[in-house]
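Letters go in sequence order (proteins before strands), and every chain restarts at 1. Hydrogens, waters and symmetry mates play no part in the numbers below; they use all other heavy atoms, side chains included.
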Amino acid sequence: MYFLNQISETISNAVYSLFGDEAIAKPLVIEQTKKVFVGDFTLVVFPLLKFSKKKPEETADLIGDYLVNNSSNFSSFNVVKGFLNIQLSHSYWGELINNWCIDESFGIAKKESGRLYMVEYSSPNTNKPLHLGHLRNIFLGDSVANILKANGHKVVKTQIINDRGIHICKSMVAWLKFANDESPESNQLKGDHLVGKYYVEFDKAYKEEIQVLVNEGLDVEKAKLEAPIFKSAQDMLLKWEKGDVEVRALWSKMNNWVYSGFEKTYNKMGVEFDKLYYESDTYSLGKLVVESGLDSGTFYQKEDKSIWCDLSKDKMDDKLLLRSDGTSVYMTQDIGTAVQRYEDYPGLSGIVYTVGNEQNHHFKVLFKLLSKLDYSWSDECYHLSYGMVELPEGKMKSREGTVVDADDLMDAVINEAKLLTNERGHLEGLSEDEIESLCTKIGLSGLKYYLLKVDPKRKMMFDPKESIDLNGHTGPFIQYGYARIKSLLNKKKSTKDFIVKDVEFKSQELELIKSISIFPEIIRQSSQELSPAILANYLFSLVKAYNSFYQSCPILKEEDENIVEFRLKVSDLTSRIIKKGMFILGIKVPERM
RNA sequence: GGUUGCGUAGCUCAGCUGGAUAGAGCACCUGCCUUCUAAGCAGGCGGUCCCAGGUUCGAAUCCUGGCGCAAUCACCA
């Protein structure tokens with residue numbers, strides 16, 4: 001049994017014996033003892049006073065006495081006001097460490113849960129390259145998938161690619177008009193960047209045309225609709241929907257440019273997907289589902305033929321599902337996609353949608369619609385909503401060119417890692433390939449950790465200077481801790497069958513052990529909250545505890561062989577947790593740096 | 001205007017299923033490398049936890065009301 005449960009059960013038994021079953025009707029409040037007090041665990045006794053009918057101090061004393069007298073796991077206790085601070089015996093800690101060390105998968109679920117979850121993330125449009133906002137999304141989703149796996153679930157990593165619609169047509173129109181057949185091959189530009197370039201070109205030309213029309217006396221709204229280039233885009237969308245061969249060919253060609261560009265970006269990130277969905281495939285299923293919802297009376301039709309869902313009972317505005325011309329909207333596609341997914345994976349236990357909080361309302365409505373359509377799984381859909389990434393100078397706006405490009409950012413962060421690592425003289429004796437590999441690990445860890453350490457649901461500030469920092473609360477700090485342990489273990493390995501016993505731990509050793517002890521709980525909690533930030537912050541505190549231990553407890557110099565073995569063992573265990581934990585965050589750790 | 005989320009040190013963030021003297025990192029200041037990697041460690045400075053009420057033995061945490069910021073409420077995606 002997980003030892004925290006074991007401890008709380010023992011304490012619970014003590015309370016039961018002393019004060020009866022009513023006293024344990026509510027869960028006991030047991031927490032790790034705050035640093036300023038002496039002890040390992042603290043029982044808050046205030047809630048027990050009405051059962052003990054004694055003062056807080058006396059109540060705590062009674063329980064403390066009982067524990068120490070009835071279990072060798074507890075060595076001593078002290079009472080401060082209504083707080084019972086309990087210390088575990090060092091021999092019990094030693095026993096625990098032995099167990100953790102021989103457990104290859106310490107902290108990770110031993111048994112499969114039998115559940116299969118789908119995690120959706122990234123889900124870009126195919127008209128422009130990925131940017132900083134996508135990075136938070138992708139790192140989050142990828143890590144959440146790993147967290148679910150670490151808790152014994154099976155996971156399908158997926159994305160819905162928004163490969164159709166008016167915005168895609170804009171790039172296509174602009175390319176036809178301005179590109180002179182420019183292709184990724186002809187000018188060595190990544191495909192997604194090339195297509196993005198023409199999306200911007202479209203916008204530029206569009207604005208100019210609007211201005212011309214306005215100068216001719218049209219009002220702005222009208223001009224937006226009348227601009228020739230906009231009309232061509234609309235025209236192209238109609239042709240696309242009708243399956244026009246030439247338009248489809250161009251669409252296909254440009255989308256493939258984008259996909260190969262994305263591919264490179266995902267490779268660099270170290271991210272991959274198990275299953276891809278394309279809106280061009282799922283929107284028509286969405287239409288069918290909406291139409292059958294109309295037949296069954298779930299939805300209603302207005303005079304102009306548009307189809308709606310009445311949400312007044314749910315205190316929301318009615319939602320449009322098919323336009324009067326019969327074309328689909330975003331919501332239609334999302335309904336189709338969800339239905340398709342449950343058809344593809346009948347055993348699915350749930351879908352996690354990693355999508356920004358700007359779409360909170362959209363998903364609330366989507367899940368409500370699925371429920372109205374009587375899909376039993378509608379309440380298994382979960383919107384993992386995360387906050388926007390903001391820059392020191394404000395929000396990213398594509399129109400104002402303040403968007404931070406994902407490829408540029410990764411390159412910058414890796415280059416910076418090279419500079420800083422070189423400054424420290426840590427690149428000596430490495431080949432070009434090794435330097436590349438090491439600095440990629442370091443740079444990306446800085447970036448990923450920076451984006452993951454903040455609670456997903458909060459908006460966050462992205463400061464470029466901080467994101468490439470190697471000191472303090474950063475990915476490289478954790479990597480460095482790992483590399484130091486590895487360097488140590490290369491000099492002397494712990495003996496496999498050594499058993500820790502009769503070791504009196506120094507305070508730094510005990511702090512480290514305590515930090516290690518909660519790793520399984522952290523893995524569980526990260527999954528419950530779908531929050532890599534919990535794990536990220538934990539790993540930082542673990543490494544801090546280790547560094548403090550490392551500083552104050554010499555290992556190779558220590559004479560007592562028993563202590564040396566213990567310290568090597570606990571170092572090895574720490575390194576395994578760091579590696580595993582960072583892996584779950586999607587971050588690689590270098591063996592040396 | 002309605003709905004939802006957020007407001008903690010100069011800055012970026014933890015802590016929030018109520019618990020003790022609210023914690024980290026950055027920045028600034030002091031020490032520590034002939035000793036296992038100083039990308040480190042030890043310490044200092046720094047707080048009306050937005051405001052006002054309420055519940056409670058106990059509130060940064062829960063409730064109500066303000067103030068401020070953000071998102072959203074599209075025949076956009």
Side-chain angles (χ1 to χ4, degrees), chain A residues 27 29 31 33-37 42 44-47 49 56 80-83 85 125 127 162 164-168 279 302 304-308 315-317 319-325 327-331 333-334 356-362 364-365 385 387-388 390 392 395 417 420-421 423-426 442 446 450 453-455 457-463 465-466 469-481 483-492 508 533-534 536-538 540-541 543-544 546-558 567-568 571 592-593:
Chain A
V29 184
E31 357 184 275
T33 303
K34 300 242 187 303
K35 281 228 171 87
V36 285
F37 300 99
T42 296
V44 183
V45 303
F46 292 108
L49 300 185
V80 181
K81 296 179 193 167
F83 299 89
N85 302 316
N125 294 348
N127 62 343
N162 192 330
R164 58 169 295 263
I166 188 75
H167 51 292
I168 311 295
E279 285 187 351
K302 288 190 178 172
D304 65 359
K305 300 287 185 201
S306 59
I307 298 179
W308 297 73
K315 292 183 190 163
M316 291 186 278
D317 293 338
K319 181 67 198 175
L320 174 88
L321 297 169
L322 280 180
R323 296 189 185 101
S324 48
D325 64 3
T327 57
S328 65
V329 292
Y330 185 42
M331 188 60 83
Q333 299 168 170
D334 266 8
N357 64 8
E358 56 200 350
Q359 294 192 36
N360 283 354
H361 184 256
H362 172 79
K364 205 172 148 192
V365 173
S385 162
M388 295 292 104
E390 289 169 14
K395 280 193 195 169
L420 294 172
T421 307
E423 256 174 37
R424 288 171 166 81
H426 289 197
I442 296 172
Y450 188 87
K453 71 178 176 183
V454 180
D455 182 354
K457 59 179 185 288
R458 287 175 55 131
K459 70 172 158 58
M460 68 174 291
M461 180 61 69
F462 184 86
D463 184 337
K465 285 196 293 280
E466 276 180 29
D469 203 346
L470 307 179
N471 302 313
H473 191 186
T474 67
F477 171 93
I478 296 170
Q479 290 179 314
Y480 185 69
R484 282 209 306 194
I485 300 177
K486 280 312 202 182
S487 157
L488 181 70
L489 294 174
N490 279 336
K491 298 198 166 91
K492 187 168 166 71
Q508 290 87 350
I534 292 171
N537 284 303
Y538 163 75
F540 175 63
S541 69
V543 172
K544 270 201 305 180
Y546 183 84
N547 286 346
S548 184
F549 156 83
Y550 180 89
Q551 195 76 20
S552 58
C553 304
I555 298 171
L556 304 179
K557 261 175 55 184
E558 172 63 43
R567 289 179 181 167
L568 286 172
S571 296
R592 59 163 281 195
M593 71 186 275

Exercise for the section: State yes or no: are the ring centers of A:F477 and A:Y480 separated by less than 6.0 Å? Expected result: no
Practice task
Round to a whole Å and report the spacing from CG of A:L321 to P of B:A74.
Solution key: 13 Å
Problem - Exercise: do A:T42 and A:N85 side chains pair donor with acceptor under 3.5 Å - result: yes
Practice task
Counting Watson-Crick and G-U wobble pairs only, both distances under 3.5 Å, name the nucleotide matched with B:U21, or none.
Solution key: none
Completion exercise
From CZ of A:F477 across to C1' of B:A39 the rounded distance in Å is 9 Å
Problem - Distance between P atoms of B:A74 and B:U17 (Å, rounded) - result: 35 Å
Practice task
Tell which nucleotide pairs with B:A70, taking only Watson-Crick or G-U wobble pairs whose two distances are both under 3.5 angstrom.
Solution key: B:U4
Problem - A:N547-A:R484 side chain donor-acceptor pair, cut-off 3.5 Å - result: yes
Problem - Pairwise C1' distance, B:A22 and B:A60 [rounded to whole Å] - result: 7 Å
Fill in the blank from the handout: Between A:E279 and A:K544, the residue closer to the 5' end of RNA chain B by nearest nucleotide is A:K544
Practice task
Report the residue (A:D317 or A:M331) whose heavy-atom-nearest nucleotide on RNA chain B is the more 5′ of the two.
Solution key: A:D317
Handout entry: Mate of B:C41 where both pairing distances stay under 3.5 Å, Watson-Crick or G-U
Key = B:G31
Practice task
Verify, without hydrogens or angle tests, whether A:D463 (side chain) and A:K465 (backbone) share a donor-acceptor contact under 3.5 angstrom.
Solution key: yes
Problem - Candidate pair A:V29 and A:E31, rule side-chain contact (heavy atoms from CB on, under 4.5 Å), full reasoning - result: CA-CA 7 Å; A:V29 184; A:E31 357 184 275; 3.9 Å; yes
Exercise for the section: For B:C76, take OP1 and OP2 only and decide whether either is under 4.0 Å from a side-chain N or O of A:R323. Expected result: yes
Problem - Sugar-phosphate or base contact per nucleotide [nucleotides 2-20 of chain B; S, B, -; heavy atom under 4.0 Å] - result: -----S----SSS----BB
Practice task
Apply side-chain contact (heavy atoms from CB on, under 4.5 Å) to the pair A:K319 and A:M331, showing each step before the final yes or no.
Solution key: CA-CA 9 Å; A:K319 181 67 198 175; A:M331 188 60 83; 4.0 Å; yes
Problem - Pairwise C1' distance for B:C33 and B:A9, with rounding to whole Å - result: 32 Å
Exercise for the section: If the glycosidic angle is within 90 degrees of 0 it's syn, otherwise anti, so just tell me which one B:C33 is. Expected result: syn
Please write out each protein N/O paired with an N/O of nucleotides 32-37 of chain B under 3.5 Å, distance rounded to 0.1 Å.
{"unit_1": "B:U35", "atom_1": "O2", "unit_2": "A:K557", "atom_2": "NZ", "d": "3.2"}
{"unit_1": "B:C36", "atom_1": "O3'", "unit_2": "A:K491", "atom_2": "NZ", "d": "3.2"}
{"unit_1": "B:C36", "atom_1": "O2", "unit_2": "A:L556", "atom_2": "N", "d": "3.0"}
{"unit_1": "B:C36", "atom_1": "N3", "unit_2": "A:I555", "atom_2": "N", "d": "3.1"}
{"unit_1": "B:C36", "atom_1": "N4", "unit_2": "A:Y550", "atom_2": "O", "d": "2.3"}
{"unit_1": "B:C36", "atom_1": "N4", "unit_2": "A:C553", "atom_2": "O", "d": "3.3"}
{"unit_1": "B:U37", "atom_1": "OP1", "unit_2": "A:S487", "atom_2": "OG", "d": "2.9"}
{"unit_1": "B:U37", "atom_1": "OP1", "unit_2": "A:K491", "atom_2": "NZ", "d": "3.4"}
{"unit_1": "B:U37", "atom_1": "OP2", "unit_2": "A:S487", "atom_2": "OG", "d": "3.4"}
{"unit_1": "B:U37", "atom_1": "OP2", "unit_2": "A:K491", "atom_2": "NZ", "d": "2.8"}
{"unit_1": "B:U37", "atom_1": "O2'", "unit_2": "A:Y480", "atom_2": "OH", "d": "2.3"}
{"unit_1": "B:U37", "atom_1": "O2", "unit_2": "A:M593", "atom_2": "O", "d": "3.4"}
{"unit_1": "B:U37", "atom_1": "N3", "unit_2": "A:M593", "atom_2": "O", "d": "2.7"}
{"unit_1": "B:U37", "atom_1": "O4", "unit_2": "A:M593", "atom_2": "N", "d": "3.2"}

Exercise for the section: Step through it carefully: locate the ring centre of A:F37, locate the ring centre of A:F83, and say whether they are under 6.0 Å apart. Expected result: no
Exercise for the section: Using the P atom as the reference point in each nucleotide, state the distance between B:C26 and B:C41 in Å, no decimals. Expected result: 9 Å
Practice task
Write down the distance between CD1 (A:I478) and P (B:G40), rounded to a whole number of angstrom.
Solution key: 11 Å
Practice task
For A:S571 and A:Y550, test the side chains for any donor-to-acceptor distance below 3.5 angstrom and give the result as yes or no.
Solution key: no
Handout entry: Phosphate OP1/OP2 of B:C41 contacted by A:N547 side-chain N/O (<4.0 Å)
Key = yes
Exercise for the section: Rounded to the nearest angstrom, tell me the gap between atom CG in A:N471 and atom C1' in B:C26. Expected result: 10 Å
Fill in the blank from the handout: Checking B:G40, B:A39, B:A77 against the side chain of A:V329 (C-beta onward), the nearest is B:A77
Exercise for the section: Calculate the interatomic distance between A:E390 atom CD and B:C69 atom P; express it in whole Å. Expected result: 14 Å
Practice task
Could you give me the CA-CA distance, side-chain angles and deciding distance for A:T421 and A:M593, then say whether side-chain contact (heavy atoms from CB on, under 4.5 Å) is met?
Solution key: CA-CA 8 Å; A:T421 307; A:M593 71 186 275; over 6 Å; no
Problem - A:L321 vs A:V329 side-chain heavy atoms within contact, under 4.5 Å - result: no
Problem - Polar side chain donor-acceptor pair, A:Q359 to A:Y330, under 3.5 angstrom - result: yes
Practice task
Can you tell me, in whole Å, how much space there is between the P of B:G58 and that of B:G18?
Solution key: 15 Å
Problem - Interatomic distance at P, B:A59 relative to B:A42, whole Å - result: 33 Å
Handout entry: G-U wobble or Watson-Crick pairing nucleotide for B:U56 (cut-off 3.5 Å, both distances)
Key = none
Practice task
Give A:S385 one of three labels, base, sugar-phosphate or nothing, depending on what nucleic acid heavy atoms sit under 4.0 Å from its own.
Solution key: nothing
Problem - Nearest-Å distance once atom P is located in both B:G25 and B:U34 - result: 25 Å
Handout entry: Rounded distance in Å between the C1' positions of B:C45 and B:U4
Key = 40 Å
